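These numbers come from a predicted model, not from an experiment. Throughout, a chain's letter reflects where its sequence line sits, starting with A, and its residues are numbered from 1.
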There are 2 protein chains.
Amino acid sequence: MKKVISDVGEKLRAKESKLTTRRELVLKVLLENNGKHLSAEEVYNLVKLRAPDVGLATVYRTLELFQEFDLIQTIDFGDGRKRYEFGPEAGENHHHHHLICIKCGSIIEVNEDLLEELENRVSKKHNFTVTDHQLKIFGVCEQCKKPK
Amino acid sequence: MKKVISDVGEKLRAKESKLTTRRELVLKVLLENNGKHLSAEEVYNLVKLRAPDVGLATVYRTLELFQEFDLIQTIDFGDGRKRYEFGPEAGENHHHHHLICIKCGSIIEVNEDLLEELENRVSKKHNFTVTDHQLKIFGVCEQCKKPK
DNA sequence: TTGGGTGCAAACGATTTGCATATTT
DNA sequence: AAATATGCAAATCGTTTGCACCCAA
């Protein structure tokens, strides 16, 4: 993790930005909760545990900054707030998808990427250069199917 | 279109709701602009042309009602507002996907659905019953690739 | 007449912004 | 010192809600 942080530091410095204590904390929180799809407020609360005087605005600004640097990705599960996750590893086409349970709201990550063929077809047909994609699959999860 | 409207009327009446003049106008606007992914405010403005005294709230309430009746679907292109579209034909698994140009923001609809195999795999693996899915493909559209 | 439907304005919740202050180099 | 970062509070923006009035069955 140290490596990630210093790498990020370099990236930021390259564009006259600083990796301040606050920003580093936001980054750590994101790293430590990788896969949890935190909302801005959740990040804020976690950061506040270690730096009780942070402002919510700083968290938002930091998240925006990280997005500009392609360090994090935002996802929208349709619950009215954006969620943030670290990665995907820069440049990689390392997509993962989400199963969203319409009963309990839980999110399951799926790491298979079977969209290549579809993408190829589509990009030929429409002369569209694909850079990214997002797939959300809605349904009912294992837990919610169990009879009680 | 008349048929659609009267069908909708029946559907609503079946659950002690009424297809009022206002609601019919909202429905017409949606039908006439099928494929345009209107936002609530856009619908509102179009309805206001024919009924200058509508309230924005009514439009929101109507859109919500139509959703409950599965008449329309909402999509979120990540621009901070929900967008609405008529269909898909009730019950059908008639999904279509969207190509979103990251330069000009235009949306291209794709009517192929090649996700079945992926869905099958995923639902077996996670014991997840799929009810719906949403695919957004980001990239650069034909227009935006043209040198000027 | 009775219950839903509607407009208006106020309320909301997530996010953004202005500004004066604090921090980093 | 110069420039960026930050906290706070106020502002925004899309959307929702409370309420008094309106309308259709």
Return the value, rounded to whole Å, for the distance between atom [atom1] of [X] and atom [atom2] of [N].
X: A:F66; N: D:dA5; atom1: CZ; atom2: P; result: 11 Å
X: A:L56; N: D:dG7; atom1: CG; atom2: C1'; result: 11 Å
X: A:K48; N: D:dG7; atom1: NZ; atom2: C1'; result: 12 Å
X: B:F77; N: D:dG14; atom1: CZ; atom2: P; result: 17 Å
X: A:D53; N: C:dT23; atom1: CG; atom2: P; result: 9 Å
X: B:R81; N: D:dT16; atom1: CZ; atom2: P; result: 14 Å
X: A:L65; N: C:dT15; atom1: CG; atom2: C1'; result: 16 Å
X: A:K82; N: D:dG14; atom1: NZ; atom2: P; result: 12 Å

Hey, does the side-chain of B:R61 have a donor or acceptor N/O within less than 3.5 Å of a partner on the base of C:dG4? no
Can [X] and [Y] be counted as an ion pair, charged N to O under 4.0 angstrom?
X: A:E85; Y: A:K36; result: no
X: B:E32; Y: B:R50; result: yes
X: B:D76; Y: A:K136; result: no

According to a hydrophobic-cluster definition based on side-chain heavy atoms being under 4.5 Å apart (Ile, Leu, Val, Met, Phe, Trp, Tyr only), do B:L118 and A:I107 belong together? no
Presence of [X] side-chain N/O under 4.0 Å of [N] phosphate oxygens OP1/OP2:
X: A:R22; N: D:dT6; result: no
X: B:T20; N: C:dG4; result: no
X: A:T58; N: D:dG7; result: yes
X: B:Y60; N: D:dT16; result: no

Would you kindly compare B:L19 and B:Y44 by the position of their nearest DNA chain C nucleotide and give the one closer to the 5′ end? B:L19
Tell me what A:T21 touches on the nucleic acid: a base, only sugar-phosphate, or nothing, going by heavy atoms under 4.0 Å. sugar-phosphate
Any chance the rings of B:F77 and B:H37 have centres within less than 6.0 Å? yes
